[in-house]
Amino acid sequence: MTLNLGAAAPKTVEIAIVGAGVVGLATALRLAGEGREVLLIDPNEPGSGASFGNAGTIAEYACMPVGNPGVLRALPKLLLDSDSPFALRWAALFQLTPWLIRFIRQSLPEATRANALALAGLLAEALPAWEEMAVEAGVADLLRRNGCLYIYRRDGDFAAAAGGFAMRAKFGVHQEVLTAEQVAALEPRLAEFQPQGLLFPDSINVSDPKAVMQRLAAAAADRGVKLVRANVTGLTADGGGVRLSGPGLGVTARTVVIAAGARSRSLAAQAGDSIPLDTERGYHLEFPTDAPLLNRPVCPVDLGFYMTPMEGRLRVAGTVELGELTAPANPRRLALLNRGVRQFFPELGRPSSEWLGFRPSLPDSRPVIGRSSRSPGVIHAFGHGHLGLTLAPITARLVADLVAGRGDPARVAPFAADRF
């Protein structure tokens, strides 16, 4: 069964979720499983944005925030080098300046530790939550349990990673330092580069993100979730519920969950919360392969992207480009991925597809999860940055707890909207 994309919106509903990406889908599935009446609202096909275009890694190890002392030291060079893994669309500089100031503050050592601690708390439950949802949604056959490998081709890069290694170790992340020989044993195609490695053996990746999203949507539909294809532009909360409006749309819900990813800021503001959410523009290329070139996702740290083997193809995804939602794809970013992957696999043909998507990015790398500070009928579930796929099931659990009035409020305190 699939979601009925042509359904008309009801006038009233118990719970409306704005956004049918992986977080919205996981939350809908969880709430419907608890007997809730759920309506999903999204102008696009479910799971078709960053939930589809990501690197396909369920990265339970990724507690290091994007902003940290190492990035702060390198920030001028990173931003001035158009071929660096961290880039800025200079046309958007004025708009991004407040975000960048906050990002710099959050990259200081004390803030980095606090942000890493908050992320580690969520990530510790990420794999069990995914295993549970995989069974419920029928996607277990699309999960690969081969770990994830970081490779370091330069001694300086490996030395610079010591701080991150120590912080992950402090939070109990399972990680293994590998010699060049051990890397070659895991990934024979990388032997000639003789890189040092860092293996996260517990990490899971998905073989086909689009298929995962389709099955999540179908599982939600089987539990009674309805989808309306509409663009929500207005949100009004009062004692009678929360009214959502937009072209051809008018629905009142007892509870509204904002899970619209990079497009969540305006709706959160209408609920009374000023969230410094901005956009990271993510890219990927895909190359058809007759046989897998790698056995697991591999990240060459100096290049800042992932090479992930997927069903019949190699996906090259990553880098960070700060900028707006409306600008077209930057060909330099795509060319950067193309040149980078050919350092390892020069025999690759032309890409079979290229993609630009939008990650919801917050200066402290923490998502916003919890009730609105001004509108108790609104629950926020957005801003997961690079961890949307990873954190979707555990976010869904937290939202369901909030709806049911159970759980420890301290659990979501680090992710509260009013922390800004």
Side-chain angles (χ1 to χ4, degrees), residues 23 50 54 57-75 78-79 85-86 96 98-127 129 150 160-175 198 200 203 261-262 264-265 268 273-280 282 299 301 304 318 320 322 359-370 373 380-392 394-395 398 408-420:
V23 173
N54 54 64
T57 56
I58 299 171
E60 91 297 342
Y61 54 85
C63 60
M64 278 295 290
V66 175
N68 59 69
V71 168
L72 185 58
R73 287 190 295 270
L75 194 59
L78 289 171
L79 291 180
F86 193 108
L96 285 168
W99 188 96
L100 286 167
I101 292 171
R102 289 178 182 268
F103 178 80
I104 289 169
R105 290 173 179 166
Q106 293 297 324
S107 300
L108 297 172
E110 185 175 350
T112 297
R113 285 191 292 271
N115 295 331
L117 176 63
L119 288 173
L122 280 185
L123 290 164
E125 302 178 53
L127 292 184
Y150 281 16
F165 183 91
M167 188 167 289
R168 286 188 294 268
K170 179 180 178 181
F171 297 135
V173 174
H174 189 188
Q175 52 188 347
L198 184 61
F200 301 102
S203 178
S264 298
R265 182 173 62 183
D273 299 303
S274 179
I275 310 294
L277 180 76
D278 225 298
T279 306
E280 284 184 31
C299 174
V301 172
V320 171
L322 300 174
R359 304 186 193 104
S361 183
L362 288 155
D364 59 3
S365 293
R366 305 185 204 179
V368 181
I369 306 171
S373 61
H380 299 309
F382 61 84
H384 295 75
H386 296 249
L387 296 173
L389 183 68
T390 301
L391 293 176
I394 191 61
T395 299
L398 294 173
D408 182 1
R411 187 74 182 82
V412 294
F415 313 102
D418 61 4
R419 72 182 189 266
F420 302 106

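Quick caveat, the model's predicted, so the values are computed rather than measured.
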Run the salt-bridge test on R102 and D364 with the 4.0 Å N-O cut-off and return the result as yes or no.
-> no
Between the side chains of H384 and T395, is a donor N or O closer than 3.5 angstrom to an acceptor N or O?
-> yes
Working to the nearest 0.5 Å, report the span between CG of L96 and OG of S361.
-> 9.5 Å
Answer yes or no: is there a side-chain heavy-atom contact under 4.5 Å between I275 and F382?
-> yes
R73: partners by side-chain hydrogen bond (donor to acceptor under 3.5 Å, both in side chains), with sequence neighbours left out | none
Interatomic distance, CD@Q175 vs CZ@F165, rounded to 0.5 Å, equals 4.0 Å
Any chance the side chains of H174 and E60 put a donor and an acceptor closer than 3.5 Å?
-> no
Indicate yes or no: at least one non-hydrogen side-chain atom of H386 is less than 4.5 angstrom from one of V320.
-> yes
Beyond-backbone contact of V368 with F420, side-chain heavy atoms, under 4.5 angstrom | yes
Nearest non-hydrogen partners of A116 and P65, listed with the distance = CB-CD, 4.0 Å
Nearest non-hydrogen partners of R168 and M64, listed with the distance | NH1-CG, 4.0 Å
Going through the distances and angles, do L123 and F171 end up as a side-chain contact (heavy atoms from CB on, under 4.5 Å)?
-> CA-CA 10 Å; L123 290 164; F171 297 135; over 6 Å; no
Evaluate the ring planes of Y61 and F200, with Trp represented by its six-membered ring, and classify them as parallel (under 30°), tilted (30 to 60°) or perpendicular (over 60°).
-> parallel
Do L122 and L387 touch side chain to side chain, with heavy atoms closer than 4.5 Å?
-> no
Trace of the side-chain contact (heavy atoms from CB on, under 4.5 Å) decision for R419 with L362 | CA-CA 12 Å; R419 72 182 189 266; L362 288 155; 4.0 Å; yes
Nearest heavy-atom pair of P367 and L119: which atoms, and what distance?
-> CD-CD2, 4.1 Å
pair R105-P363: side-chain heavy atoms closer than 4.5 Å = no
From NE2 (H380) to CG (D273), nearest 0.5 Å | 3.5 Å
Quick one: are L100 and L322 in side-chain contact, heavy atoms under 4.5 Å?
-> yes
Mind listing the closest non-hydrogen atom pair of L72 and I104 along with its distance?
-> CD1-CG2, 3.8 Å
Of all heavy-atom pairs linking V173 and C63, the shortest is CG2-SG, 4.5 Å
With a 4.5 Å heavy-atom cut-off, do L277 and S264 have their side chains touching?
-> yes
Of all residues at least two apart in sequence or in a different chain, which pass the salt bridge (Lys or Arg N to Asp or Glu O under 4.0 Å) check with R411?
-> E125
Interatomic spacing from CG in L389 to CG in N54 - rounded to 0.5 Å = 5.0 Å
Rounding to 0.5 Å, atoms CE (M167) and CZ (R113) come to a distance of 6.5 Å
Reported CG-to-OG1 distance for the pair L127 and T390, which is rounded to 0.5 angstrom | 8.5 Å
Beyond-backbone contact of P69 with L108, side-chain heavy atoms, under 4.5 angstrom | no
Partner set under side-chain hydrogen bond (donor to acceptor under 3.5 Å, both in side chains) for D278, not counting sequence neighbours | Q95
Quick one: closest heavy-atom pair of V71 and V66, and the distance?
-> CG2-O, 3.4 Å
